[in-house]
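Here the structure is laid out as structure tokens; the discussion comes afterwards.
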Amino acid sequence: MSRKAIPMSVVTRFAPSPTGHLHVGNLRTALFNFLIAKKAGGQFILRLDDTDPERSTQAFADAIQEDLEWLGLTWDRIERQSYRFDRYAAAADELRAKGRFYEAWETPTELDLKRKKQLNMGQPPVYDRAALKLSDEDKDKLRAERGQGVWRFKLDHERIEWTDGILGDLSIDAASVSDPVLIRADGQVLYTIASVVDDTDMGVTHVVRGSDHVTNTATQIQIMAALGHDHPAFAHHSLLTGPQGEALSKRLGTLALRDLREQGMEPMALLSHMARIGSSQPVELAGSIDELAEGFDLNHFGSAPTKFDVQDLWPLTARVLHETPFAEVRDEINAIGVPDDLAETFWNVARANISKRSEMAGWWSLFRDGATPLVDAEDREFVAQAFAMLPDAPYDGETWGTWTNAVKEATGRKGKALFMPLRKAVTGMERGPEMADVMRLLQVKPSL
Ligand code: GLU
């Protein structure tokens, strides 16, 4: 009997640190990883990188989950690095036993000085490995004077190569990178090693993250190899810039997902946009996350920085609303007090005229209470005469036609001269929904 190879199933992860709120930049990473897993029928892990006890908070961890749930980016598994310190300690021991881990005692000021000297001499500011030359005696002395040192991973000075899912073939000379600090002097385990251990233990097959992580990836590939493991496939997406190509990093704080939610952005607008910008495919409004996953392919993305303009998201949000069927908003419409028999008509009118959900309430109060009429001086008499010919509310789908016909006959006005002053007087606006629908929804007789 022949044995078929079991296909390795795809496992991705999104690994935010719960030290702040998610913003559009993080969303790009989360979404790409989510879509890759979804498309392959694999697993998507939410991993909270919370090894920093001072900056990580439960409130941020909760907020991250809330934001992802709002967008429908739900995870198959959640992990927290703070529960896994024993695993990181074991990996550190292994690196120590293999001679790939060494203690160093330079203070930040000393390191800074070294870097400045190197730069002055036109050399790259790479850690000079002075700690590797310390004798046992030196080390005891330093430990007595300065306490525990930091622990650095000893890179093999060779080229580190991988084929990046977005950037293509990459090659980084390990000698151009400082031996990374994996454990701080106070014992705090740093992301670089924690991430390596997690990606291995959790069977992560694909890591997509921002291109600011390329050097990390190089060192992590070596750390994984030192621990006897293969590395996952890596892909680094470009970073977002503002509409003019300006750095977005400082403004990301104002582009928090929860703020966009509060401002009334629709999840599918945001997801559709973020799944396509920076790729060769045009931004199109998708009907569902499944549809986005179906069409998602890292091969379409390039290395150039990706321009992001939050203003692009509002027209898409309006389009989401225009395309939202009544059944999906029935409860919300009930909640603002629209009578059941008018709810569907109300939605058909409202959705074509709103750009955010919250604007529904305004339309309903206009129909419920009537508008402040907008009447030009020369139309005042005409409008008064027309209003006098209108019976009391409620109205129906025929009211507008019957009424305007009667007014036309009585006044001789027709076309725009007939309809426009009436529209303005009834709705208080020059443009808006079909007047037949307006009359049907109107709960009070308009008056001057
Ligand atoms: N916590 C890291 C970050 O937010 C995760 C990076 C990674 O995906 O490995 O930058």
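Each ligand, and each atom within it, is numbered from 1 in the order the structure gives.
In terms of the ring-ring contact (aromatic ring centres under 6.0 Å, His included) criterion, residue partners of Phe301 (sequence neighbours excluded) are, by chain and number, Phe32, Phe296. Tyr102 meets the ring-ring contact (aromatic ring centres under 6.0 Å, His included) test with no other residue; sequence neighbours excluded.
Salt-bridge formation is not detected for the pair Arg87/Asp198: no Lys NZ or Arg NE/NH1/NH2 atom is positioned less than 4.0 Å from an Asp or Glu carboxylate oxygen. We find that Glu110 and Arg146 are joined by a salt bridge, their nearest charged nitrogen and carboxylate oxygen being less than 4.0 Å apart.
Pocket lining of ligand 1, defined as residues with a non-hydrogen atom under 4.0 Å away: Arg13, Ala15, Ser17, Asp49, Tyr191, Ser195, Arg209, His213.
Cation-pi geometry between Arg261 and Trp70 is met: the NZ or CZ atom falls under 6.0 Å from the ring centre, inside 45° of the normal.
Within the structure, the side-chain hydrogen bond (donor to acceptor under 3.5 Å, both in side chains) test picks out no pair touching residues 310-327 (sequence neighbours left out).
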